[in-house]
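A note on names: the letters A, B, ... follow the listed sequences, proteins ahead of strands, and every chain is numbered from 1. Reckoned from all heavy atoms, side chains included, excluding hydrogens, waters and symmetry mates.
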Number of protein chains: 2
Amino acid sequence: MATPLPRDPIADARLNWERHGWSDVAAPMAAITAIMRTQQILLARIEGVLKPFGVTFARYELLALLSFARSGALPMNKASSLLQVHPTSVTNTVDRLQSAGLVVRSPHPTDGRTTLIELTPEGHTLAKRATAALNAEVFAQSGFVDQDVDQLIGILGSFRRNAGDFS
Amino acid sequence: MATPLPRDPIADARLNWERHGWSDVAAPMAAITAIMRTQQILLARIEGVLKPFGVTFARYELLALLSFARSGALPMNKASSLLQVHPTSVTNTVDRLQSAGLVVRSPHPTDGRTTLIELTPEGHTLAKRATAALNAEVFAQSGFVDQDVDQLIGILGSFRRNAGDFS
DNA sequence: GCAATATACTAGGACATCCAAGGGTTTGGA
DNA sequence: TCCAAACCCTTGGATGTCCTAGTATATTGC
């Protein structure tokens, strides 16, 4: 890690907003900026834990999703909507996972447009181990106390619903 | 926007975690995943507002930072630490801003290693207009009620301090 | 004073994300 | 029936982020 800054840069930004007469939006600006930064910190931690497994977070997310699918396989577009990423991102991710032998593409039995993604045994094993590592090294040491975790889940859940993620 | 999903995918992931015996970390997992998704939603909104100005969020952040600097100029490494991004990202961003005529590089008067970044008049004007747009279209309509904004600022502020962002 | 160490920036490469566009497959209405 | 519209995936291009290395300049220690 780099040396901590002497002052919170987001609190400073908020002061700058207030000094410029934007007090009415200074607090939401600070909250949103804090979310951006927190995401960056968390992503770096997660990527650090996954690095030994040879997968990135994007690839892990797809492996985890597949490992929970009842049939063990999912159409590309289903993965895209569940992971909330662009279809081209899924194509990119599947290409790399397939090169690594962790998933395979197979044609949909009835819809010629659709491609199914399926975990290989290696992919299944890796997903299991990577999940155990993330649970132990990231989620069990999130840096949030239980009460804050509940607050975040509630606040961000409402936000995501209002943003149109789900109904 | 895509059609909302019938169910919250993060709540489903949490259920999957609990079903697999990882109940102790299911809640933090859900909170962290929600932060990742929320960041993605907010970033998309911000980029949408900035698009007409021809800048991305990364470039806007640097312009805004420079616009608040007393001297009107900042060393590259200062910008890197304040924005909490890798020095090479700043190099990349400055390259593009400079090509667009929004900032200029100049040598540091006493330290030959250091490069100063400075806003051009065009950069200053654009920063002002883009900030007004973000204030009106994103921060003023954040989707968080005031109470939640305060909660987020508090919770994420503690998290960032513990993560070593500042002291 | 000079060599060793530290600091500042840049070049090249790997990844992820999105958008725009294209080609194949299905579906639905005339 | 049949063609247009809708849907699914992939390719190609632009951006941003990080990492590893390399070059240049400062600082430190002997």
B:Phe68 and A:His20 aromatic ring geometry - parallel, tilted or perpendicular at 30°/60° bounds: perpendicular

Under-4.0 Å salt bridge between [X] and [Y]:
{"X": "A:Arg14", "Y": "A:Glu18", "result": "yes"}
{"X": "B:Asp12", "Y": "B:Arg19", "result": "no"}
{"X": "A:Asp8", "Y": "B:Arg161", "result": "no"}

Sugar-phosphate, base or nothing in reach of B:Thr110, heavy atoms under 4.0 Å: sugar-phosphate

How long is the line joining [atom1] of [X] and [atom2] of [N], in whole Å?
{"X": "A:Met36", "N": "C:dT17", "atom1": "CE", "atom2": "P", "value": "15 Å"}
{"X": "B:Gln39", "N": "C:dT17", "atom1": "CD", "atom2": "P", "value": "11 Å"}
{"X": "A:Gln84", "N": "C:dC18", "atom1": "CD", "atom2": "P", "value": "10 Å"}
{"X": "A:Leu50", "N": "C:dA14", "atom1": "CG", "atom2": "P", "value": "21 Å"}
{"X": "B:Leu74", "N": "C:dC9", "atom1": "CG", "atom2": "P", "value": "11 Å"}

Contacts of type salt bridge (Lys or Arg N to Asp or Glu O under 4.0 Å), residue A:Arg129, not counting sequence neighbours: none

Where protein sits on nucleotides 6-17 of chain D, one letter per nucleotide: B base, S sugar-phosphate only, - none, heavy atoms under 4.0 Å: -BSSBB---SSB

Side-chain donor/acceptor of A:Gln151 to backbone N/O of B:Ile155, under 3.5 Å: no

